[in-house]
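To find a chain, count down the sequence lines: A is the first, B the second, and so on, and within it residues start at 1. Since we're looking at a predicted model, the values are computed, not measured.
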Amino acid sequence: MAMLEVNDIHTFYGNIHALKGISLTVEENEIVTLIGGNGAGKTTTLRTISGLLSPRHGQVKFEGEDISSTPAHELVYRGITMVPEGRGIFSRLSVSENLDMGAYSREDKSKLQDDYDRVFQLFPRLKERRKQVAGTLSGGEQQMLATARALMASPRLLLMDEPSMGLAPILVENVFETIKQINKDGTTILLVEQNATVALSVADRGYVLQTGEIVLKDNADNLKKDEMVRKAYLGID
Amino acid sequence: MDAVWKDSSREGLIFGVVIIFFILIGLTVTLSDIVGNTLDLNSDSMIGNTRGLMVTYSILGLWIGIRGANTAERTWSTSLLSSTAAGLTTAVLVGVSVFVVGILDAADVEMRNYLVQLSRPSVQLLIFTKDPVSGSFLTAGIFIISSALGGLLSMATESQRNSQQWQAVFLDRFSNLSLKRVKETFHSSPRLRWVGYGLFLAISLLIPQFLSKYWNYAMGTVGIYVLMGLGLNIVVGLAGLLGLGYVAFFAIGAYTVGLLTAPAPISLQIGFWPALIASVVLAALTGILLGLPVLRMRGDYLAIVTLGFGEIIRVLIRSDLMSPYLGGPQGIRDIAGPTIFGVSFSSEKAYLYLIVIGILLAIFFTNHLQNSRVGRAWMAIREDETVAQAMGINTLYYKLLAFATGAAFAGVGGALFAARNQYTGPADHTLMVSINVLCLLIVGGMGSIPGVIVGAFVLKGFPEILRELELYRLLTFGGLLVVMMVLRPEGLWPAPRRRLELSAEDSSTPVLEDEASG
Ligand SMILES: Nc1ncnc2c1ncn2[C@@H]1O[C@H](COP(=O)(O)OP(=O)(O)OP(=O)(O)O)[C@@H](O)[C@H]1O
Ligand SMILES: [Mg+2]
């Protein structure tokens, strides 16, 4: 049984039919990427999975249970956490306050300290800047904070929306190294990206999304070789 | 160099506008009288005190000079230059206004028709019983000279003691800078905070003993506004929801006590205490019922719907339709007051105590909520609702909780208000009440408990002290708000940035460690 199973979901914004029947699966311990251009529906897909939107048709299953109409805040308790598009950090709060907010859902406070240690080990920069107001962090640091904050909920499935957005190439590499590390430590990841090159370099499998529909799915290596993907998303003819 | 001029004349501009505003509402007369009487000065004018006014202007001028000097580099020449620039700006503004007023008065224009405070004797005071030209020049001169002195003074004290300490002490008398220092010390240690609250408690318990009946009543009104401010503070300041129809819950509290204890229109007469509990419960329930559909909306919509709700309640209690049940335009008479062991205690003093107890309970309750998971959830919602939800926070639940708590506080306020007056009617529950409470939050500082208290005193207590202002309450509100936005955009006593400081090294369980009452 797949950890996450999305079956033919249709999501609407009013009359706008944003997702026209998306199906995908994520197995435990995988990194799966969802690539696509602007407005393809990547964010909408993640928001539907995480419960911020509910699908009009179709079904989202997490560990075998239907979660299509479970509200977002409950899913955090079940083990799904999202790093939102554009990071969504609490910009007026400090770095450690942001992390504390991330741990809001944790009932088991005894292991919390280990998690602080872990995220500070993953992101030593954040440890130095614990007391800094989050809004004054650099773009890269904000991405680190958003990721670290999501980890504080100790999720089993991490949904990431364009972590490379607005970062310099060198930083992007950095971020994706960390993503790999997080996955190795035992967190399953569904990664949404426009930057197909890096996304496919860390992912096991990938889906290509176009105007609300999946047009291609395969393992990462095959996708990298695919004619259409090379043209449209990797910028190679 | 340009920037120096700009910054310092901006200071002068603010002062100028404020002073003109004071002139228009007649505060200059009162102030000059107070100063004149204190210093035992003779006056040439019929009302107010000309020499007192000069001293008042000079003090203001010194203050302008010091603030002006603060905008510049710390050298003698730039200090002098920028303080004079600030003073000059004020001088021109006020001087021209005085000149215009003087000329109009000399031309027999009855300004009183438009601005009640600008009577002929008060104009005579403004021009120092001279002619308009010399009067306005004298005014401008005082500002220029005293502001230059202020600049020098600021520099002299600066060079004597390297810090601004002395200046702060000097300013203590005249500015809220002192408040800032109190505030900083207050927020820096939790123990001091309790000492602060203890002092506040002691003072509020002692003071009623020494106040006249009238002042006990006036302070009681301030107290009821503190209570309501504390409630709206939870809704607006902590949870970040813009609720405008707050008076609705006040009305529900008042009418519940009224209907349950008064002999008419429905004769239940169950006594004050059970009615008080009923009013709190009913207000909170109404908050939840209104909140359920409304809290799914955001920002502007929420403001408009709550505003509408407040008006609906008012229309209902006024209406002939409901008058058999709610008393209609006449309201409800003979509302019962509290009795303890059969002894009724209904003096103004007793009510003030009751209100103070209510406030203390509300503060305790708010503090408790704020420092718990609830407070953290509110903070997240205020910062970003969607992200809060993504952190696992049930936003609807916590928004409802904020709404219900705020409504309950207003319910208590309304209940006490109605019982104290032994009457309540539609006129008690106008939109103005909501605006007042929101204003006191803005003036005091959103999200801050001491801010609520300071704000209530400034907006409800101050007009009592200066009775004349009553007439101009709206104008005063407007003026105060504008001045506030410019001078202290965060309010007189803003909440400190709340910290949930977690140190990975020295605490095993990270907790929300609140450094201040907020
Ligand atoms: N709140 C909204 N209201 C109406 N339409 C929306 C809303 N959010 C997204 N859409 C529309 O839904 C479609 C999918 O948007 P979505 O944000 O999912 O795209 P995306 O793949 O994440 O794009 P990007 O890479 O630019 O972030 C777009 O056509 C967009 O205009
Ligand atoms: Mg997107």
Side-chain angles (χ1 to χ4, degrees), chain A residues 46-47 50-52 71-107 109-121 126-127 130-131 133-135 146 149-150 152-153 155 159 161, chain B residues 237-240 292 295-296 298 370-401 445-448 489-490 494-516 518:
Chain A
L46 281 198
R47 290 171 69 91
S50 70
L52 289 172
H73 59 90
E74 271 178 40
L75 290 181
V76 182
Y77 290 84
R78 300 252 197 121
I80 305 180
T81 304
M82 180 164 69
V83 182
E85 183 173 35
R87 334 215 201 282
I89 54 165
F90 296 110
S91 55
R92 293 193 302 173
L93 307 187
S94 73
V95 168
S96 46
E97 284 169 327
N98 266 275
L99 293 178
D100 273 7
M101 288 294 188
Y104 191 87
S105 61
R106 297 288 297 279
E107 276 130 2
K109 303 278 179 199
S110 60
K111 292 210 194 80
L112 212 48
Q113 192 56 39
D114 295 344
D115 283 321
Y116 281 104
D117 292 343
R118 177 174 162 227
V119 298
F120 283 146
Q121 209 181 346
L126 293 182
K127 188 170 187 180
R130 271 200 323 272
K131 294 190 176 156
V133 175
R149 189 183 57 185
M152 289 306 294
L159 310 174
D161 197 344
Chain B
L238 299 187
L292 267 174
L295 286 175
R296 290 170 207 275
R298 289 186 185 196
Q370 205 180 349
N371 296 333
S372 66
R373 274 170 75 76
V374 179
R376 204 143 52 113
W378 282 339
M379 177 150 77
I381 292 168
R382 190 181 61 214
E383 295 294 319
D384 188 326
E385 215 179 308
T386 310
V387 180
Q389 210 174 356
M391 302 285 100
I393 293 166
N394 186 345
T395 50
L396 183 63
Y397 170 78
Y398 285 110
K399 288 198 290 183
L400 274 177
L401 184 64
M446 287 280 174
S448 150
E490 308 243 283
R497 243 194 37 73
R498 286 167 52 71
R499 290 264 225 45
L500 357 72
E501 192 46 58
L502 132 119
S503 66
E505 303 93 74
D506 50 41
S507 92
S508 51
T509 20
V511 283
L512 206 173
E513 189 188 296
D514 176 18
E515 292 216 331

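- B/Ala377 and A/Tyr104 get closest at one heavy-atom pair: CB-OH, 3.5 Å.
- Interatomic distance, CG of A/Asp100 versus CZ of B/Arg376, reported as 5.5 Å (0.5 Å rounding).
- A 4.5 Å side-chain heavy-atom check between B/Thr395 and A/His73 finds every atom pair outside the cut-off.
- Taking a 6.0 Å sphere around OH of B/Tyr397, one finds it holds 12 or fewer heavy atoms contributed by other residues, nucleotides or ligands.
- Considering only heavy atoms from C-beta on, A/Arg92 stays 4.5 Å or farther from B/Met379 through its side chain.
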Given side-chain contact (heavy atoms from CB on, under 4.5 Å), test B/Asp384 with A/Met101 step by step and report yes or no. CA-CA 12 Å; B/Asp384 188 326; A/Met101 288 294 188; over 6 Å; no
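- Counting heavy-atom pairs closer than 4.5 Å to chain B, the top residue among A/Ala153, A/Gly88, A/Gly102 is A/Gly88.
- Taking CE of B/Met391 as the start and CE of A/Met152 as the end, the distance is 11.0 Å to the nearest 0.5 Å.
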